[in-house]
Amino acid sequence: PPDPELTPIGTCTAIYSFEAQESDELSVQEGVTIEVIEFVDDDWIKGRIGDKIGIFPRSYASFGDEEVEEELEEILDEETHSVNVFYDFEPGADDELSLSAGDMVTVISFVGDEWIKGRFEGKEGIFPACFVPAIP
């Protein structure tokens with residue numbers, strides 16, 4: 001019988017190619033459909049392509065599946081997640097946060113595939129998802 005822990009909860013499409021660097025990572029090509037097995041944390045997804053299973057960056061995935069997106073939101077609601085900003089970010093619009101490299105931002109939610117809504121120093125706004133690294 002199939003392993004229930006490896007049962008997909010949905011699918012996503014790779015919006016960028018990702019080359020695995022570690023043995024537990026999954027190489028993906030832009031445009032390929034990936035079966036989502038679990039959200040490891042805010043930044044990584046465990047997925048399957050054919051018979052290969054591994055993790056890949058969440059920011060490289062686009063979800064057309066509402067249930068998967070809801071699953072991600074539930075994970076974010078379970079506890080407060082903070083991310084360490086990698087680069088300075090100057091806002092170009094009123095709804096964007098001004099951030100400096102090293103700032104710790106509380107993640108509120110994902111906005112599409114490329115932005116994160118966060119809270120920093122009492123202000124809420126969005127910033128690019130690619131401006132934060134994975135945090136263990």
Side-chain angles (χ1 to χ4, degrees):
D3 185 340
E5 290 190 19
L6 298 180
T7 301
I9 58 173
T11 62
C12 66
T13 302
I15 54 174
Y16 309 109
S17 293
F18 172 73
E19 189 65 37
Q21 302 294 313
E22 304 291 333
S23 61
D24 65 339
E25 294 176 351
L26 179 67
S27 291
V28 299
Q29 297 302 313
E30 181 178 346
V32 74
T33 298
I34 306 159
E35 293 180 303
V36 176
I37 295 171
E38 74 173 302
F39 292 99
V40 178
D41 57 27
D42 287 350
D43 302 305
W44 292 91
I45 296 171
K46 185 175 191 175
R48 175 174 40 223
I49 301 172
D51 62 352
K52 294 187 169 128
I53 294 174
I55 62 172
F56 61 96
R58 190 261 175 246
S59 59
Y60 282 52
S62 173
F63 298 92
D65 189 329
E66 270 185 44
E67 286 182 30
V68 174
E69 207 52 61
E70 287 170 14
E71 172 89 7
L72 179 60
E73 294 302 323
E74 284 175 23
I75 289 167
L76 289 174
D77 288 344
E78 285 176 13
E79 57 183 90
T80 300
H81 294 272
S82 294
V83 290
N84 190 357
V85 178
F86 221 29
Y87 310 106
D88 293 346
F89 177 67
E90 288 298 321
D94 292 340
D95 64 341
E96 297 175 358
L97 281 177
S98 176
L99 301 170
S100 298
D103 288 345
M104 288 296 289
V105 181
T106 301
V107 174
I108 297 171
S109 64
F110 287 96
V111 180
D113 294 319
E114 298 177 14
W115 293 87
I116 295 173
K117 183 176 182 180
R119 183 178 304 113
F120 179 69
E121 293 184 339
K123 296 178 186 166
E124 287 187 9
I126 60 172
F127 60 94
C130 62
F131 276 49
V132 296
I135 294 181

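Scope of the values below: all heavy atoms of this structure, side chains included, with no hydrogens, waters or symmetry mates. Here the structure is a predicted model, which means the values were calculated and not measured.
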I would like to know whether F131 and F89 meet ring-ring contact (aromatic ring centres under 6.0 Å, His included); could you show each step before the answer? CA-CA 8 Å; F131 276 49; F89 177 67; 5.5 Å; yes
Does W44 reach the side chain of P57, with side-chain heavy atoms less than 4.5 Å apart? yes
For the student: nearest non-hydrogen atoms of F56 and A61, plus distance: CE1-CB, 4.0 Å
Do R58 and D43 touch side chain to side chain, with heavy atoms closer than 4.5 Å? no
Give, for atom CG of L97 and atom NZ of K123, the distance between the pair rounded to the nearest 0.5 Å. 8.5 Å
Least distance between heavy atoms, S62 atom then I15 atom: CB-CG2, 3.4 Å
L99 side chain reached by F120 side chain, heavy atoms, under 4.5 Å: yes
Drop me the distance from D95's CG to E124's CD, to the nearest 0.5 angstrom. 12.0 Å
Whether E19 side chain and S17 backbone form a donor-acceptor pair below 3.5 Å: no
Scanning both residues in full, the closest heavy-atom pair of V36 with C12 reads CG2-SG, 3.8 Å
Centroid separation F18 to Y60 less than 6.0 Å: yes
Between CD of E25 and CD1 of I55, what distance do you get to the nearest 0.5 Å? 5.5 Å
Show the nearest heavy-atom pair for residues I49 and T33, with the distance to one decimal. CG1-O, 4.3 Å
Considering all heavy atoms, the nearest V85-Y87 contact: CG1-O, 2.9 Å
Could you please spell out the steps behind the side chain to side chain contact (heavy atoms under 4.5 Å, CB included) verdict for I34 and I45? CA-CA 10 Å; I34 306 159; I45 296 171; over 6 Å; no
Do I116 and V105 have side chains that get closer than 4.5 Å, going by heavy atoms? no
To the nearest 0.5 angstrom, please state how far the OG1 atom of T11 sits from the CD atom of E35. 8.0 Å
To check you understand the geometry: which heavy-atom pair defines the closest contact between A14 and V28, and what is its length? CB-CG2, 4.1 Å
What's the separation between atom CD in Q21 and atom OG in S27, rounded to the nearest 0.5 Å? 8.0 Å
Kindly compute the distance separating CG (D88) from CG (D103), expressed to the nearest 0.5 Å. 8.0 Å
Please tell me if the side chains of Y16 and C130 come closer than 4.5 Å, counting only heavy atoms from C-beta onward. no
